[in-house]
Amino acid sequence: MTNSSEYTINELMVTAAARELQDGDLIFIGVGTAGRAFTLACGIPIAAARLAQETHAPNLSIYWNNLLSPDLEQIPPRLTQHYLTTWPTSAQLHNCSDKNDMLSRGMFDVSFDSAPQIDRFGNLNITAIGDYKKPTRRLIGCLAQTDHFAYVRRPLILTDLKKRTFVDKVDFITSVGHLDGGTSRTDAGLRPGGPSRVITDKAVFGFHEETKEMQLLSVHATSSTEEVLAEMSFEPLVNDDVSATQAPSSDELRLIREVIDPRRILLTT
Amino acid sequence: MTNSSEYTINELMVTAAARELQDGDLIFIGVGTAGRAFTLACGIPIAAARLAQETHAPNLSIYWNNLLSPDLEQIPPRLTQHYLTTWPTSAQLHNCSDKNDMLSRGMFDVSFDSAPQIDRFGNLNITAIGDYKKPTRRLIGCLAQTDHFAYVRRPLILTDLKKRTFVDKVDFITSVGHLDGGTSRTDAGLRPGGPSRVITDKAVFGFHEETKEMQLLSVHATSSTEEVLAEMSFEPLVNDDVSATQAPSSDELRLIREVIDPRRILLTT
Amino acid sequence: MKSKLVHLADAAALIPNGASLTIGGSIIRRSPVALIRELIRQEKSGFTVLAYPAGFTTDLLAGAGAVDRVEAVYEGLFQFGFAYNFRRRVEAGELDIRDFSEVAMAARFRAAASGVPFMPTDALLGTGMAEHNPEQIREISCPFTGRKLHAVDAATSDFTLLHGYVADEYGNVQFPVARDADDLDPVMAKAAQRLIVTVEKIVPHSEILKTPNLTYIPHTWVEAVVEVPFGAHPLSCDGFYDEDEAHMQDYQLLMKDGRFAEYADRYIRGAVDHAEYLSAALTPARIFELSVR
Amino acid sequence: MKSKLVHLADAAALIPNGASLTIGGSIIRRSPVALIRELIRQEKSGFTVLAYPAGFTTDLLAGAGAVDRVEAVYEGLFQFGFAYNFRRRVEAGELDIRDFSEVAMAARFRAAASGVPFMPTDALLGTGMAEHNPEQIREISCPFTGRKLHAVDAATSDFTLLHGYVADEYGNVQFPVARDADDLDPVMAKAAQRLIVTVEKIVPHSEILKTPNLTYIPHTWVEAVVEVPFGAHPLSCDGFYDEDEAHMQDYQLLMKDGRFAEYADRYIRGAVDHAEYLSAALTPARIFELSVR
C-alpha cells in the first residue's frame, strides 16, 4: 500500500475512474483543448482506460476523436491535425454518421463528460448560462454530450469540484442525467441509464438508487466531507459511512508512471 | 434520310429513346442479364444515352450498376465482376445508400424500365403473377424499379410489345405509374411524374395528359396500328393522327455503328 | 483487443434454428456462401432471411428447406436466371415473402443501424408491397409538412453474416481501394446484433493500423471472424476472384429439375468442411483461372 | 460532362444575401475559409448557417455581421478557445441560435440527403434544445412500438459550401486514402440543393478514373468547383497542411478585444483576392512549414 503523500490527485482520479471500467467495455473519450480541460477530457480518461486494460479489463476498447482503438503505445506528442490523421489506429470510420450510429445503437458502455454546470440529478449544461435566447454567458453548444447521456450505459462525470459548477438546477439541460429524479428520466422516454459516477478532485459521488439524487460515496485523503460540501451549491445525500477514496496501489502508480504516461503527456496539469 | 430497310428495329428504338433525353439529364440504367433482356435493359439505353451525348445532349450523364459516368469508350467486353470492379469510372459510390439517396432526393431525370406486366396506366409488375401469397409465377421482386417510378422525373418503359405483357390491370403493383389515372397518383401521396413514354419494338406510346391512359403516338415503319393493337390485351387511346416513328438519320446510324457500338456489344439481339 | 478468430463450423454453431439472418453481398457477389453451406451441413433450419438483393445463398437455403421467410428487394441469380428453389417454395405458398424496394429496404437497414425503430419513406405509396404488408409498412403523416408517408420498420435480425476481404484476428475488416460497392454490407454491419464475418485472408494487426480509413467493419462490431479463402465461391469476391460461371450453370441445370439433393450430396453434405468443398468444386488450375488479384 | 470550374469570386457571387448555407469541415479543419472570406469581401449578409460543429468560418461571418441564425452542434475554436464574435452576438440576443446534439444534427442532414422531410430520434428527449425549439423538434409516437420519439426536420439549405482535397474540372471530388473523417462532408454533399466545392488542387479527369472508390462527391452533385490552394488556411486540410497555430492565436487576441475590423482590413477586405490573402497571411517558408504532404 502507498499512502496519500505518494500520489497526485490526478493519479487518484485515474485509479478511481479505472475501477469503474469493466472488461469488454467500449469507452468514448472526447476531445479536450489544452491545460486542465485536456487533462479532464482526455488525459485522465485515457490513462484510466489503459490502466484498466493493464489490470482487470484487457479487452476494453477506446474510441477517441473518430479513431477506434488507436495504438496507445504511439500517442502523438502533439495533437495537431496531421498527427491525428496519421496516428496508427484500427479504424477511422468514414464520417461522423458511423460514430453517431454507434452512439444511438447503444454500442458505448462508458463516456467521460464534464460541464460548467452539473445539478443534483446529474443533468449537465454546456450550452448557456442565464436565459437561453439572451444568455449572460453563451457556452459551446451540445457536441455529443447530449448523446452520451441519452445512449451510453454508464456515463462518468469527471470534473473539479466547484461551487459554481455544482448547482441545484442547471440553467439549461444540454444532457439529461436523472432529470428530476425518481423515474422521471424513463418517463420522458429516455432509455434507462444516466450518469453513474461523478469523479472530482476532492470526492467521488454516485446517485441514489431510488431518488437518483447525487450521493457522496467517498472523500479523497487530501480532503474532508466539510470541504467537499463547501464546494457545492446544493447539499448532496451523504452516507453515514462515507469512506476514503481508495488510494492507488504501488502497482497502479508504477503502471501510470512507467508504462502509460512516461512522457507525462496525459497528466500534465 | 434513310428508309426503313436500312436500319434495324433496335437502332430505331435507340433513336426514339435518344430523342426523349435532354441535355444535362442524369440517366439511370439498370442491370440486364443476357440476350434480349440485356439489350432492353442496358444495350439500347446506353446506346441512346451516348447518341444523345453525341448529338443534342453533350452534358448528359449515365449511372450504371453503381458506376457514375463510366468511361464509355472502354465498355468492357464482358460484364463479370472483375470487369465491373476495374472499369474506369468517375465515381463508384461507397455503398448502395448513396444511389438510393440520389433516387429519393430526385436526382435522376430518366430511367429505363421493363416488366412482364404493364397496364393501361403504366403501372408495372415484376413481383408476382396471380395471387401474391401463392402466385402462379413468382417473379424477381422489386429492385429499384419501384423507386424509379416513385422518384425519377421521366421514366421510360422500354420493352417488346406482347399481349401477355400489356394487360388491362397488373396482378400486383410493383411500381406505381399513373395508378388509376387522372390525379390518383398524386392523391396517393406520390410526387408528380410517372412513366412518360413506352418505347416498344412496334410503336411508341405516351400517356394522355388528363386521363393518364396509355396513348399510341407513333407506329414503326415495319408495323401497323392493327398489328400493334393485336399485341395488346387492352385498347390504348389512339390519336387520329398517329404518325410513323421518326426513322434514324444517316448520321445517327453512323454514330451508332461506328462510334457507339462498333464491336456490337450493346445491340446484339 | 480480443481475438475473435474462430473456425467455420464453430461460427455456424453459434446460430440456432429459427434465427433471423441478415445476409450480405449481392446476388452473385461476395456473399458468405461457405458459412451458408456450413449451416446446411449442420442441418439448421427455420431461418428468416433479410437481404438487399437476395441470390445464391437464399436459394441454397430454400433448396435445403431451411428458410421460412424472406425480406428482400430481389430474389434471383442475375445472368444465371431464376432462383428456382426459392421460386418453387413461394409458388407452393410455403415461404412468407416480404418485398421491399431498394430505397425502402435500405431505409430499414439504416433504421436498425441508427437504433431507431422506423424510417419514414414515400417509396412504397400506392404499391402492392404496402397493401400486403401492413405489419411492417404503416401510413404516417409528416409532423412538419403533413405529407403522407410510410413508416417502415427497422430491419433488425438475430445475426448478420457477411463475407469480407481481409481482417485482423480482432475483426477489423478492410476493403481494397478498388472494389465494387454495389451492396449494403457497411450498413448491415452497423445494424447487426451479432455479426459474423468470413474473410478471404487474416492479416497481421500491424497491416490494419497502416490504413485505418479502409476499415469498414471495426472490431467492436464483430463477434466472430473466420478465415475462409474462396469463401464466396461459386460467387465472385471483387478484387480476389470472379464468379465461377461453369459452376453456376451446372447448379442451374440441376435446380431447374429440382435436383438440389444431388448438388448438396456432392458439395455440401458430401464435403465435411470447406477444404473438402474446395477440392470437390475446384482444381488448382481453376483457382488460378478465377483469380483476379 | 460539363466543366464546372469557376473562379472564387464568381462562385461567391452565386450566393445572394439572406441565403442559408451549410458549411462543411469541422471547427478548425478543412472548412471553405477562402470562400467565406470572399463572401465577406463581397459584403454579403443575412445568412443562416447550418454546420455540424461550427467554428472559424461561422466566427468570421459573425464578426462581419453577416449571419443571423446558426444551427449547429458546437460553436468554438477548439484549442484556441471561444468563438468570440459568435458568442458576443448570441449574448446580445442578436443571433437566432438552434442547438442540436451530434446525433440529432446528423439525422437532420441525413433526412435532407435522403429526400425525406424528417428523421425520428430519441436523442433530444427531455433536453432544453427540444423545449426551446418546437418549430424543428416535434414529439411523435413510433407507429410500431408506441415509443415516444422526436421528429427533427430535414437540414435543407440553399447552398452547401465544402472544402475538399482534389477534383477534376467536372467536380468529381476525391479524398486521399489517409484522412481524418471526423466530419459530415459526404452527407452534407448529398443533402445539398446547390453545392459549391473548393479544393486544394484540380487534377486531370484521367486521374479520377483510376480510383473511383475515392470519389466521395460525384460531379452530378456539384454546381461549381474552385481551385483554391491553402483554401482552408488558417485551418488545417488533412493530408495537405496543418492548422496555422500562430495565425489562430493572433486572431483570438484580436477577437477577444472585439477588433474584427482590424483583422478584416488586413486579411479580407484589404486583400482583393485569395492570392493577396496568401501573401498577407503567409510566406513561402511558412507554407513549407505547415505542409504535411
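Worth knowing before you read on, the calculation uses all heavy atoms, side chains too, and leaves out hydrogens, waters and symmetry mates.
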Point-to-point distance, once rounded to the nearest 0.5 Å, from CG of C:Asp180 to CG of B:Leu67:
7.0 Å
Where is the tightest heavy-atom contact between B:Gly141 and C:Asp99, given as atom of each residue plus distance?
CA-OD1, 3.6 Å
Just say parallel, tilted or perpendicular for the rings of C:His132 and B:Phe172, cut-offs at 30° and 60°.
parallel
Side chain, backbone, both or neither: which part of B:Leu179 has a non-hydrogen atom closer than 4.5 Å to chain C?
side chain
Relative to chain C, which segment of B:Thr80 carries a heavy atom at a distance below 4.5 Å: side chain, backbone, both, or neither?
both
Can you say whether B:Ile140 sits under 4.5 Å from chain C via the side chain, the backbone, both, or neither, judging by heavy atoms?
both
Contact part of C:Arg88 toward chain B, heavy-atom cut-off under 4.5 Å: side chain, backbone, both or neither?
neither
Heavy-atom cut-off 4.5 Å, strictly under: side chain, backbone, both or neither for C:Ala83 against chain B?
neither
Does any heavy atom of chain C fall under 4.5 Å from the side chain of B:Arg185, the backbone, both, or neither of them?
neither
Interface moiety of C:Tyr52 toward chain B, non-hydrogen atoms closer than 4.5 Å
side chain
C:Arg179 (side chain) donor-acceptor with B:His94 (main chain) under 3.5 angstrom:
yes
Please state whether the side chain, the backbone, both or neither of C:Phe86 comes within less than 4.5 Å of a heavy atom of chain B.
side chain
Under 4.5 Å from any heavy atom of chain B - which part of C:Glu245:
side chain
Closest non-hydrogen atoms of C:Ala123 and B:Asp147, given as atom of the first, atom of the second and distance, are CB-OD1, 3.6 Å
Mind listing the closest non-hydrogen atom pair of B:Ile173 and C:Gly126 along with its distance?
CG2-O, 3.9 Å
Nearest-0.5 Å distance, CG of residue B:Asn100 to CE of residue C:Met105
11.5 Å
For B:Gln92 versus C:Ala181, what's the shortest heavy-atom pair and its separation?
OE1-N, 3.5 Å
Between C:Glu91 and B:Lys134, what is the shortest heavy-atom contact and its length?
O-CG, 3.4 Å
